[in-house]
Amino acid sequence: MQDYLEGLNPAQKEAVLNTEGPSLVIAGAGSGKTRVLTMRIAHLLTKGVAPYRILALTFTNKAAREMKGRISAIVGEGIARHLWMGTFHAIFSKILRIESKKLGYPSSYTIYDTQDSKNLIKSIVKNMKLDSKLYKPGEVLSRISGAKNDLITPQAYRNDTKRMDADRFSRKPLVHEIYARYVNECRKSGVMDFDDLLLNTNILFRDHPDVLEKYQDQFDYILVDEYQDTNLSQYLIVKKLAERHKNVCVVGDDAQSIYSFRGAKIENILSFRNDYPDYKLFKLEQNYRSTKNIVNAANSIIHRNSNQIHKTVFSEKEEGNRIRIFSAYSDVEEGIIVANDIFETQMRSQAAYEDFAILYRTNAQSRIMEEALRKKNMPYKIYGGFSFYQRKEIKDLLAYFRLVVNPNDDEALKRIINYPARGIGKTTMDKIELFAGNTGRSLWAILTNPALNNIGFNSGTIKKLKAFTEMILGFGQLLNKLPAYDIAVKIAEGSGMRKFFQTDTSIEGQSKLENVEELLNGIKEFSDERSEEGKEYNLVDFLEEVSLLTDQDTDKDEDKNKVTLMTIHSAKGLEFKYVYVVGVEDGLFPSPMAMESQKGLEEERRLFYVAVTRAKEQVSISYAKQRYKYGELSFSKPSRFIGEIDQQYLEIKGDALPGFGQKRSARPNSFRTRNSISSSPSKPSFNYKKISKGQATSNSTDFSGTAAGRLKEGMLVLHERFGRGKVLNVTGEAPNAKATVLFDNAGQKQLLLKFAKLKILN
DNA sequence: CTCCTATAGCTTTTT
DNA sequence: GCTATAGGAG
């Protein structure tokens with residue numbers, strides 16, 4: 001039993017064994033953070049602490065599941081099962097369901113996802129007759145979300161001059177009013193959004209000291225993973241719960257704080273010592289994941305940030321390869337370069353596809369990478385973007401479940417009252433919504449009110465509405481009689497959804513049917529698993545689990561041994577032998593949204609740090625000189641972040657960083673950020689080796705500005721990469737003149753003459 | 001009321 | 001390039 005401590009280094013061992021009192025574990029990238037957390041919990045359990053007295057909070061369901069698995073392996077599944085381990089949202093939604101009555105919510109409250117929230121905001125904006133161009137649902141929601149995470153109620157919002165000024169400044173002075181109505185709507189519908197799960201937990205603990213005490217008592221030990229990414233709401237929950245026993249252990253890395261956009265406060269980790277003056281500090285600085293080159297390069301990046309806890313991350317592994325910088329002519333070519341390189345590396349090193357990851361800043365970049373891989377017949381899996389649970393047919397069926405569980409769930413009702421079509425159209429719904437708005441009731445309350453006949457519907461409409469409500473009520477009758485799976489099947493059948501897809505013989509229709517069947521199978525699996533564990537498994541429980549799932553969490557067997565494509569955000573906590581960071585261009589990464597402020601830029605830099613530190617053996621960074629944005633061609637420069645890496649760790653491929661090698665002395669700082677701090681321990685030396693592919697870049701072939709005017713339709717030209725081709729047409733004015741060229745070997749390309757190095761042959 | 005087509009507007013990052 | 005919406009015909 002004691003052997004679980006073996007193989008830990010002294011710092012790790014300290015962090016595992018010092019279980020009493022407040023602890024701050026600063027864990028550098030790849031330093032075995034998860035290992036310390038699991039061992040610490042396993043250690044507590046072996047010492048005889050009851051599992052239900054341990055609360056372990058993670059950021060993803062996946063992290064929780066993995067940790068639970070590892071702990072199970074040490075102490076046995078029967079014990080690990082009773083740990084309170086999960087995401088903040090999952091754990092506290094469970095507690096809220098138990099205590100919901102105290103807050104005036106039904107215990108069958110349902111959860112709005114981001115889309116539901118946006119839809120609700122949209123209809124509020126419409127009701128208030130505000131300009132929907134100005135009050136964009138996404139923007140309003142992020143204001144509301146920000147307020148909730150700071151525990152600001154609508155009333156407090158009105159008195160908050162900073163927020164009100166900001167809204168006035170962005171010409172949206174009525175956000176506070178939308179917020180107030182939004183809160184009312186949610187309450188009358190008996191729903192909570194993601195932020196409510198945390199906010200209401202705070203309210204619960206504030207207004208019901210007895211409840212707080214109960215949980216304070218229960219949780220002898222509290223552990224928080226990724227503490228640098230907690231927001232104020234989460235921070236306060238932890239603080240309150242830990243007040244009694246003070247056995248709180250937070251683990252994190254300020255250098256990897258990348259979620260401030262959703263309210264995360266890096267200060268939480270920076271000021272832990274102020275909250276718990278008698279805290280113990282453990283620093284995990286040895287990186288076991290990556291080679292020296294990768295760790296050193298990453299350090300040279302992160303050291304440019306100002307606000308951080310000092311630490312020296314080091315590696316004792318071999319030197320390893322340098323970080324490679326690839327320059328691509330276009331976004332499509334970038335994809336091809338990466339796909340080719342993965343193919344070659346995989347052949348040469350006998351590596352598996354699952355050893356490779358392609359990381360990008362925005363989900364929109366995935367498609368091009370996907371196409372490049374598909375062309376080479378390489379297996380891949382994409383995380384993010386369209387997840388299973390975001391497909392329309394799945395959301396629709398889930399909306400039925402929600403409505404059956406909680407008929408006041410207005411967004412669920414609106415979603416499916418006419419799906420499949422049953423002749424209840426917009427006009428009818430507008431009337432009902434107006435009536436509901438005026439009376440402060442939910443849509444369902446109007447529909448089931450005998451006074452429905454007085455609103456002025458014809459008898460046909462009334463009949464249709466009655467049929468609908470009776471159907472839902474019928475399902476509701478089964479709720480306490482049948483297990484989740486059986487009800488789900490009955491709903492899929494009775495709602496007409498199954499039939500709807502069965503009669504749709506198109507390929508899409510068939511795949512939708514398959515998805516519906518897969519969801520039903522999922523419910524079966526869920527029920528079986530839960531009943532084995534002796535836990536609840538009715539439809540409410542399934543809905544709760546599903547509402548808090550992300551597609552990160554749906555790891556299927558058929559997804560084994562595939563190249564992984566994901567955003568850098570979702571890659572946090574993961575590792576791969578070979579990592580390709582693509583689209584590393586100014587205006588994409590760092591994102592233009594973040595480029596204005598030092599704070600924003602530092603967060604982007606941390607994100608870049610996270611990207612680089614995912615790799616065990618090789619990091620490849622690439623950028624494209626031109627790419628399509630919103631379907632328009634646009635031009636980009638390599639990201640400033642590339643220039644920020646200490647050049648001694650780089651290997652420049654091809655013509656990457658043009659104008660940087662030869663003309664270096666003229667503008668040595670062109671890649672350095674304005675905000676780079678002078679105390680940087682790594683003095684960037686610019687004498688990197690330029691590794692040319694042998695093809696000399698001719699200086700007489702440069703097309704720029706007016707020279708483009710000489711190019712005419714029908715001319716034969718030579719391109720340094722694509723070879724010989726024929727000009728099909730020339731459009732636009734310098735400096736944005738474009739030519740379409742049909743190359744003998746590379747096919748048809750659109751070239752921007754400002755960039756393309758073309759030589760006229762005839 | 002339903003379905004189809006045209007077009008506006010859009011992208012950070014996610015529990 | 002893609003999706004969500006508006007507007008028009010049936």
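Nothing here was measured: the structure is a model prediction, and the numbers come from that model. First the proteins, then the strands, lettered A, B, ... as listed; each starts at 1.
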Worksheet item: With A:R415, which of A:D396, A:D113, A:D410 fulfils salt bridge (Lys or Arg N to Asp or Glu O under 4.0 Å)?
Response: A:D396
Response to the item:
Tightest non-hydrogen contact, residues A:N305 and A:E602, listed as ND2-O, 3.1 Å
Worksheet item: Heavy atoms under 4.0 Å, any strand shown: does A:T428 hit a base, just sugar-phosphate, or nothing?
Response: sugar-phosphate
Worksheet entry | Gap between atom NZ of A:K239 and atom CG of A:N268 - 0.5 Å precision | 10.5 Å
Worksheet entry | Sequence-distant partners of A:E575, salt bridge (charged side-chain N to carboxylate O under 4.0 Å, His left out), two or more places apart | A:R289, A:K616
Practice prompt. Please report, rounded to the nearest Å, how far the P atom of B:dT14 is from the OH atom of A:Y389.
Written response: 18 Å
Worksheet entry | Note: A:D193-A:K148 ion pair, threshold 4.0 Å (strictly below) | yes
Practice prompt. Would you indicate what A:F589 reaches in the nucleic acid, counting non-hydrogen atoms under 4.0 angstrom: base, sugar-phosphate, or nothing?
Written response: nothing
Worksheet item: Picking from B:dT13, B:dT15, B:dT2, which would you name as closest to the side chain of A:N418?
Response: B:dT2
Discussion item. Could you walk me through whether A:R606 and A:E603 satisfy the salt bridge (Lys or Arg N to Asp or Glu O under 4.0 Å) test, starting with their C-alpha distance in whole Å, then the side-chain angles of each, then the deciding distance to 0.1 Å, before giving a yes or no?
Written reply: CA-CA 5 Å; A:R606 290 193 294 269; A:E603 176 147 318; 3.3 Å; yes
Worksheet item: Are A:Y419 and A:F500 close enough that their ring centres sit under 6.0 Å apart?
Response: yes
Discussion item. For a quick test of reading the model: is some side-chain N or O of A:N363 closer than 4.0 Å to OP1 or OP2 of B:dT12?
Written reply: no
Worksheet item: What is the distance, rounded to the nearest whole Å, between atom CZ of A:F261 and atom P of B:dT11?
Response: 14 Å
Worksheet item: In whole angstrom, what separates A:R627's CZ from B:dT11's C1'?
Response: 13 Å
Discussion item. What is the separation between atom CZ on A:R422 and atom P on B:dT2, rounded to the nearest whole Å?
Written reply: 11 Å
Discussion item. Just N and O in the side chain of A:T114: are any of them under 4.0 Å from OP1 or OP2 of B:dT14?
Written reply: no
Worksheet item: Given atom NE2 of A:H569 and atom C1' of B:dT12, what is their separation to the nearest angstrom?
Response: 8 Å
Discussion item. Quick check on contacts: within residues 117-135 of chain A, what sits under 4.0 Å from DNA chain B by heavy-atom distance?
Written reply: A:K133
Worksheet item: In terms of side-chain heavy atoms of A:T87, which of B:dT11, B:dT13, B:dT15 is nearest?
Response: B:dT15
Item to complete: Please work out if A:F88 contacts a base, only the sugar-phosphate, or nothing of the nucleic acid, heavy-atom cut-off 4.0 Å.
Response: nothing
Practice prompt. For the pair A:E411 and A:K414, find out whether any cationic side-chain nitrogen is under 4.0 Å from an anionic carboxylate oxygen.
Written response: yes
Discussion item. Please compare A:L198 and A:T427 by the position of their nearest nucleotide in DNA chain B and report the one closer to 5'.
Written reply: A:T427
Worksheet entry | Span that lies between the P atom of C:dA4 and that of B:dT13, in whole angstrom | 15 Å
Worksheet item: In residues 136-150 of chain A, which residues come under 4.0 Å of DNA chain B by heavy atom?
Response: A:K136
Worksheet entry | Aromatic ring of A:Y630 stacked on base six-ring of B:dC10, 5.5 Å, 30° | no
Worksheet item: Does some side-chain heavy atom of A:R640 sit less than 4.5 Å from a side-chain heavy atom of A:L601?
Response: yes
Response to the item:
Result for 5'-nearest mapping on DNA chain B, choosing between A:R361 and A:K464, is A:K464
Practice prompt. Say whether, by atom type as modelled, one donor and one acceptor occur between the side chain of A:N202 and the main chain of A:S233 under 3.5 angstrom.
Written response: yes
Item to complete: Check whether any side-chain N or O of A:T567 sits under 4.0 Å from OP1 or OP2 of B:dT14, and answer yes or no.
Response: yes
Discussion item. I want to verify a distance call: between B:dC1, B:dT13, C:dC2, whose nearest atom is closest to the A:R367 side chain?
Written reply: C:dC2
Item to complete: Let me see the working for A:L447 and A:I417 under side-chain contact (heavy atoms from CB on, under 4.5 Å), right down to the final yes or no.
Response: CA-CA 11 Å; A:L447 285 177; A:I417 188 162; 3.9 Å; yes
Worksheet item: Whole Å only: how far is the CD atom of A:E226 from the C1' atom of B:dT14?
Response: 13 Å
Practice prompt. Check the distance between B:dT15's C1' and A:D196's CG and give it to me in whole angstrom.
Written response: 13 Å
Worksheet item: Could you state the CG-P distance from A:D331 to C:dG1, rounded to the nearest angstrom?
Response: 11 Å
